[in-house]
Amino acid sequence: MENTSQSQILAQKYMMKFINRIPVTFVKGEGLRLWDENGKKYLDFVGGWAADSLGHCHPVLVEALTDQAKTLIHVSNAYYTLPLGKLAELLVNNSCMDRVFFSNSGAEANEGAIKLARRWGSLKLNGAFEIITTLNSFHGRTLATTAATGQAKFQNPYVPLPDGFKVVENNNIEAIRKATSAKTCAIMLEPIQGEGGVIIPSSDYLQQVRAWCDEKDLLLIFDEIQTGMGRLGKLFGYQLFGVEPDVMTLAKGIASGVAIGVLMSKERASVFKYGEHGTTFGGNPLACAAGYAVTKYIVDQKIPANAGRMGKYLTGKLCDLKNKYSFIKDVRGCGLLIAVEFDRDIAEAVMYACLEKGLVINFLKANLLRLIPPLIITQAEIDEGIGILDTVLASFNN
Ligand SMILES: *Cc1c(COP(=O)(O)O)cnc(C)c1O
């Protein structure tokens with residue numbers, strides 16, 4: 001890498017040491033392109049951890065942000081603003097949901113879902129409060145969402161965690177049935193586990209979970225923070241599986257990089273009463289104008305269909321690489337949420353070698369790469385990225 005720059009010296013001196021940053025400083029982005037402070041150009045297959053759905057600085061987003069910034073930025077949830085209502089209407093009209101709560105992040109949306117489930121339990125299920133989640137899931141970094149997350153590495157530093165979560169094996173309806181008790185109020189799942197390694201459930205699993213929730217009057221919560229907004233080839237992941245949740249959370253892709261989270265529910269699950277939940281910044285006009293512009297573009301321009309087509313194309317190219325390099329153990333994915341699994345722990349080294357050659361790529365585990373590019377990616381950009389990855393993998397072929 002280059003010499004340590006001022007941005008890196010400052011961050012290392014003053015930032016808490018919560019993440020070991022990759023030593024590159026980005027200064028500019030456009031579409032799938034990023035530039036670092038030395039003027040080097042990159043192709044971005046990470047898109048801000050699946051958040052930059054329309055790539056970097058999409059003109060539709062920049063215009064919406066600029067116009068709104070000049071008009072009104074924040075007034076709190078005590079008042080009405082038009083961007084709030086317009087984004088809520090757009091999301092409701094394009095989903096199976098009826099009601100919306102805006103937050104500032106995914107974790108905060110999930111916190112809202114957890115609180116909503118507890119209200120459901122207290123009002124409808126004699127005070128039931130327990131939420132069943134799955135091993136290997138990821139629901140966020142707050143205390144409650146860490147408790148919901150079925151991964152010890154996120155939980156261990158923070159015990160004791162809030163009570164009321166039961167983590168069961170993923171993709172196992174029997175495990176859910178066994179864990180259900182009079183204390184259970186909800187089941188919370190990612191339709192496809194993202195952070196956990198792109199784990200696709202068997203074809204009837206989510207339908208079985210839906211049927212179980214109906215039988216026991218439990219809320220079914222889909223965490224679509226990573227799978228939603230077109231990434232899987234449909235606007236929302238639940239549409240792929242023919243299962244409607246009662247509650248859904250969104251964040252990442254909604255505003256292509258501007259911070260916003262959404263908690264949505266069906267009318268019957270919308271059980272908060274006035275004063276029971278809130279946020280200062282959530283639903284502010286700036287974030288909602290950004291979310292509206294990006295979501296409208298995603299819907300009008302059929303961006304999910306592009307994600308589906310490009311996902312197939314990219315997966316096909318990765319399968320070609322798998323046939324070429326025996327150390328690629330598995331290529332799996334849906335739409336533009338794709339994992340490449342190696343039979344050895346080279347993912348970090350592959351990531352660095354790609355970075356050197358101008359491809360930004362995400363390594364999730366020691367043996368696992370995740371490809372989550374912006375949803376506007378083109379065939380030419382995929383060919384370019386695959387070319388770099390092929391060259392890099394060739395150097396590991398011994
Ligand atoms: C990223 C993610 C979260 C957390 O979102 P933040 O905005 O980082 O709080 C929660 N659930 C899933 C499935 C995610 O991918």
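Numbering of ligands and ligand atoms starts at 1, following listing order.
- Close approach to Ser105 involves these atoms of ligand 1, each under 4.0 Å from a residue heavy atom: 7 (O), 9 (O).
- A salt bridge links Arg332 with Glu341: the distance from a Lys NZ or Arg NE/NH1/NH2 to an Asp or Glu carboxylate oxygen falls below 4.0 Å.
- The nearest protein atom to atom 5 (O) of ligand 1, hydrogens excluded, is given as Gly106 CA, 3.4 Å; this is a heavy-atom distance.
- For the pair Phe138 and ligand 1, the shortest N or O to N or O distance falls below 3.5 Å.
- Checking Arg99, Arg210, Lys124, Lys266 one by one against Asp246, the salt bridge (charged side-chain N to carboxylate O under 4.0 Å, His left out) holds for a single residue, Arg210.
- Between Ala107 and ligand 1, a contact under 3.5 Å exists for at least one N or O pair.
- Closest of all the heavy-atom pairs between Leu189 and His139 is C-CE1, 4.2 Å.
- Within the listing of ligand 1, atoms 10 (C), 11 (N) sit less than 4.0 angstrom from a heavy atom of His139.
- Using a cutoff of 4.0 Å between basic side-chain nitrogens and carboxylate oxygens, Glu190 and Arg231 are not scored as salt-bridged.
- Residue His56 holds its NE2 atom at 10.5 Å from CD of Glu30, rounded to the nearest 0.5 Å.
- Shown in contact with Gln226 at under 4.0 Å from a heavy atom are these atoms of ligand 1, numbered in order with element: 15 (O).
- Within the 4.0 Å heavy-atom criterion, the part of Lys252 lying near ligand 1 is the side chain and not the backbone.
- Phe241 and Tyr205 have their aromatic ring centers separated by at least 6.0 angstrom.
- Between Phe26 and Tyr42, the angle of the ring planes goes over 60°, which puts this pair in the perpendicular group of the 30/60° scheme.
- Using a 4.0 Å threshold on non-hydrogen atoms, atom 8 (O) of ligand 1 does not count as touching the protein.
- Remark: aromatic rings of Tyr325 and Phe396 are distant, center separation not under 6.0 Å.
- The closest protein non-hydrogen atom to atom 11 (N) of ligand 1 is Asp223 OD2, 2.7 Å.
- Using a 4.0 Å cut-off between heavy atoms, Glu190 contacts ligand 1 through its side chain alone, with no backbone atom that close.
- The contact set between ligand 1 and Asn110, taken as ligand atoms under 4.0 Å from a residue heavy atom, comprises 10 (C), 11 (N).
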